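Right, one structure below, let's go through it.
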Amino acid sequence: MATLTRRKTASAPAVTVTRKEPSAVQFYATCPRGLAGALAEELSALGATEVRAGEAGVEFEGPFELAYAANLESRLATRILVRVSKFDYRNENDIYEGAKRVRWHAHFGVERTFKVETNAVKAPVKSLDFITLKVKDAVADVFREALGRRPDVATREPDVRVHAFLDAKWCTLYLDTSGEPLFKRGRRDKTGEAPLKKNLAAGLLKLSGWTPEQPLLDPMCGAGTILVEAAEMALGLAPGRGRPFGFERLTRFDPAAWEKVKEASSARAQPVGPRAIHGSDLYGRTLDNARANLRDMGLEGVVSLKQANLLELSAPASSGLLVTNPPYGVRLGEKEELAKFYPELGHLLKQKFAGWTAYIFSGDPDLPKLIRLSATKRTVLYNGAIECRLYEYRMVAGGNRP
Ligand SMILES: C[S@@+](CC[C@H](N)C(=O)[O-])C[C@H]1O[C@@H](n2cnc3c(N)ncnc32)[C@H](O)[C@@H]1O
């Protein structure tokens, strides 16, 4: 995808021409590339309408209050944005003029700090920083003309985030209803080696088709990111419980409606207790991090954890799903060691996991080939800018030869 930005790019939301309910607003949810289809399903289940998956996000419609449930309940979204304007442009000045037509002072109070971020795909402009500056000036000028005062800019922890998205012809301006990205579930975790982002971990579970009735194993669990997501899903706990959101700082925010959404969500929670969710890791210290993270999330006792070498493990049930993110080496010595490890992983799956389906997530194009089993499915997913794959191996006794 061509891009002019040093920052993360988002795919262009397509234009929809539909008859809308007067109260419907247009949303755009961003997510890791590869998860938009799954996110579209998740948002539809939350009541979104006119849902259209793009490459790295999903367009949808609904009442403004849908932002509350989407932020609270979505496991896959990175941000939920609400569209405030869309206009065609040819140059930087058109963007200033377009942004100047938005009644920003109706969207947030002058006492709030704000920040503008710009992403673009194939935009005919020289500098995205300059676009950011133009939008920021327009916001400030609208406030100054309406109220005689302007809100301050805060580059770190702003109250309100404005996102400008440019494609070749259109500039779309959004207000961010999430605040901190949604993969930050509210607590600072103890992390180990290369922890997965939480929405990506949830995405692996979603793509595997795991449901809480099935036994689940992550035998290289690291800090336990996949396990925490699974445990929360099993207990019906909202991923965003207990954290603040950007929509709380917008003028349209309705605290009473938000309380109702939270109450309805808490009412779905199941009692905490053991589930068939298993995790292990080679290192005791790593496992301590997983244990601490589960405890901090109130999930102690839901997951069974043990220190073990994967190569010495036996399946904890006669069938189930193994979902994991094995180590990948960056240094040469590590690569050589891993080149021995991957065939052993394949051998173990064949010997000990007949009846299971294994999902191996990797950003390394070569190592998974060394598993020497034929993958029944490969799904391309992005971990940030890194192209990764989720390999599915259906383990049938005596089968799965390359
Ligand atoms: C890429 S990390 C997994 C990160 C994890 N998904 C997370 O989000 O925190 C790979 C993990 O595999 C573990 N590991 C490496 N070799 C192992 C082995 N032989 N048996 C079990 N775990 C192993 C490492 O200790 C590390 O925690």
Side-chain angles (χ1 to χ4, degrees), residues 32 35 75-76 181 183-185 187-208 210 216-233 239 277-297 299 303-316 321-331 333-349 351-353 358-368 370-371 381-384 386-391:
L35 286 182
R75 289 197 175 275
L76 306 179
F183 54 73
K184 296 195 177 166
R185 304 281 203 235
R187 286 177 180 82
R188 194 168 286 278
D189 286 353
K190 294 194 166 45
T191 56
E193 178 197 329
L196 289 171
K197 286 215 169 75
K198 294 180 174 156
N199 56 347
L200 188 55
L204 302 184
L205 289 168
K206 174 88 185 169
L207 293 175
S208 77
W210 178 73
L216 178 75
L217 168 68
D218 179 354
M220 292 175 275
C221 70
T225 320
I226 295 172
L227 301 172
V228 167
E229 290 300 309
E232 287 192 342
M233 284 163 74
I277 304 173
H278 308 268
S280 49
D281 198 281
L282 185 56
Y283 301 107
R285 207 159 26 96
T286 307
L287 217 56
D288 286 344
N289 289 341
R291 199 168 283 117
N293 290 334
L294 284 158
R295 190 182 52 235
D296 290 351
M297 302 301 275
L299 301 167
V303 177
S304 52
L305 288 178
K306 73 172 176 190
Q307 186 181 351
N309 184 345
L310 157 81
L311 302 174
E312 290 159 14
L313 269 186
S314 298
L321 297 188
L322 184 155
V323 181
T324 200
N325 164 216
Y328 48 91
V330 267
R331 291 189 293 274
E334 286 173 340
K335 277 242 176 203
E336 280 165 4
E337 234 175 77
L338 290 170
K340 286 186 218 140
F341 173 75
Y342 275 71
E344 289 180 303
L345 167 60
H347 184 72
L348 170 98
L349 292 176
Q351 295 302 313
K352 304 256 188 76
F353 283 83
Y359 290 87
I360 310 282
F361 179 67
S362 178
D364 190 301
D366 302 318
L367 289 170
L370 303 174
I371 292 179
L381 276 177
Y382 281 76
N383 186 359
I386 306 167
E387 185 179 315
C388 302
R389 278 178 178 67
L390 181 65
Y391 298 86

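Note that the structure is a prediction, hence the values are computed from the model and not measured. Heavy atoms only: backbone and side chains are in, while hydrogens, waters and symmetry mates are out. Note that ligands are numbered from 1 as they come in the structure, with each ligand's atoms numbered from 1 the same way.
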Exercise. Between Arg285 and Asp288, is there a side-chain N and carboxylate O pair less than 4.0 Å apart?
Worked result: no
For this session: Specify the protein heavy atom at minimum distance from atom 2 (S) of ligand 1: its residue, its atom name, and the distance to 0.1 Å.
Result: Glu193 O, 3.5 Å
Exercise. Relative to the heavy atoms of Ala223, which atoms of ligand 1 are at a distance of less than 4.0 Å?
Worked result: 7 (C), 9 (O)
Problem set entry | Contact partition for Ala308 relative to ligand 1, non-hydrogen atoms under 4.0 Å | backbone
Seminar exercise, completed: Among non-hydrogen protein atoms, atom 21 (C) of ligand 1 lies closest to Leu282 N, 3.3 Å
Problem set entry | Check: Ile360 and Leu390 side chains under 4.5 Å, non-hydrogen atoms | no
Exercise. Judging by distance only, is a nitrogen or oxygen of Pro195 under 3.5 angstrom from one on ligand 1?
Worked result: no
Problem set entry | Identity and separation of the nearest protein heavy atom to atom 15 (C) of ligand 1 | Pro327 CG, 3.6 Å
Seminar exercise, completed: Looking only at protein heavy atoms, what sits closest to atom 10 (C) of ligand 1 is Asn325 O, 3.5 Å
Seminar exercise, completed: If we number the atoms of ligand 1 from 1 as shown, the ones under 4.0 Å from a heavy atom of Phe341 are 19 (N)
Exercise. Which heavy atom of Phe353 sits nearest a heavy atom of Ser314, and at what distance?
Worked result: CZ-C, 4.1 Å
Exercise. Is it the case that Gln307 and Tyr283 place a side-chain donor and acceptor less than 3.5 Å from each other?
Worked result: no
Problem set entry | Arg185 and Glu229 ion-paired at < 4.0 Å | yes
Exercise. Among protein heavy atoms, which lies nearest atom 5 (C) of ligand 1, and at what distance?
Worked result: Cys221 O, 3.5 Å
For this session: Working to the nearest 0.5 Å, report the span between CD of Glu336 and CG of Leu338.
Result: 10.5 Å
For this session: Ignoring angles and geometry beyond distance, decide whether Asn309 reaches within less than 3.5 Å of ligand 1 through its nitrogen or oxygen atoms.
Result: yes
Exercise. What residue among Leu204, Ile277, Ile226 forms side-chain contact (heavy atoms from CB on, under 4.5 Å) with Trp210?
Worked result: Ile277
Exercise. Atom CE of Met297 and atom CG of Asn293: how far apart are they, to the nearest 0.5 Å?
Worked result: 8.5 Å
Problem set entry | Leu310, portion touching ligand 1 at heavy-atom distance under 4.0 Å | both
Problem set entry | atom 13 (C) of ligand 1 [closest protein heavy-atom partner, distance rounded to 0.1 Å] | Asp281 OD2, 3.3 Å
Seminar exercise, completed: Nearest non-hydrogen protein atom to atom 14 (N) of ligand 1, with distance, is Met220 CG, 4.1 Å
For this session: State the atoms of ligand 1, each with its element, that fall below the 4.0 Å cut-off from a heavy-atom position in Thr286.
Result: 27 (O)
Exercise. Does a side-chain heavy-atom distance below 4.5 Å link Phe341 with Leu367?
Worked result: no
For this session: Check Pro219 against ligand 1 and report side chain, backbone, both or neither, counting heavy atoms closer than 4.0 Å.
Result: backbone
Problem set entry | Atoms in ligand 1 with a heavy atom of Gly222 nearer than 4.0 Å | 9 (O), 27 (O)
Problem set entry | Exercise: identify the closest heavy-atom pair between Cys388 and Asn383 | SG-CB, 3.6 Å
Exercise. Should Leu305 and Leu227 count as side-chain neighbours, where that means a heavy-atom distance under 4.5 Å?
Worked result: yes
For this session: Starting from atom 7 (C) of ligand 1, find the nearest protein heavy-atom neighbour and note its residue, name and distance.
Result: Thr225 OG1, 3.4 Å
Seminar exercise, completed: One finds that the ligand 1 atoms under 4.0 Å from a non-hydrogen atom of Tyr283 are 25 (O)
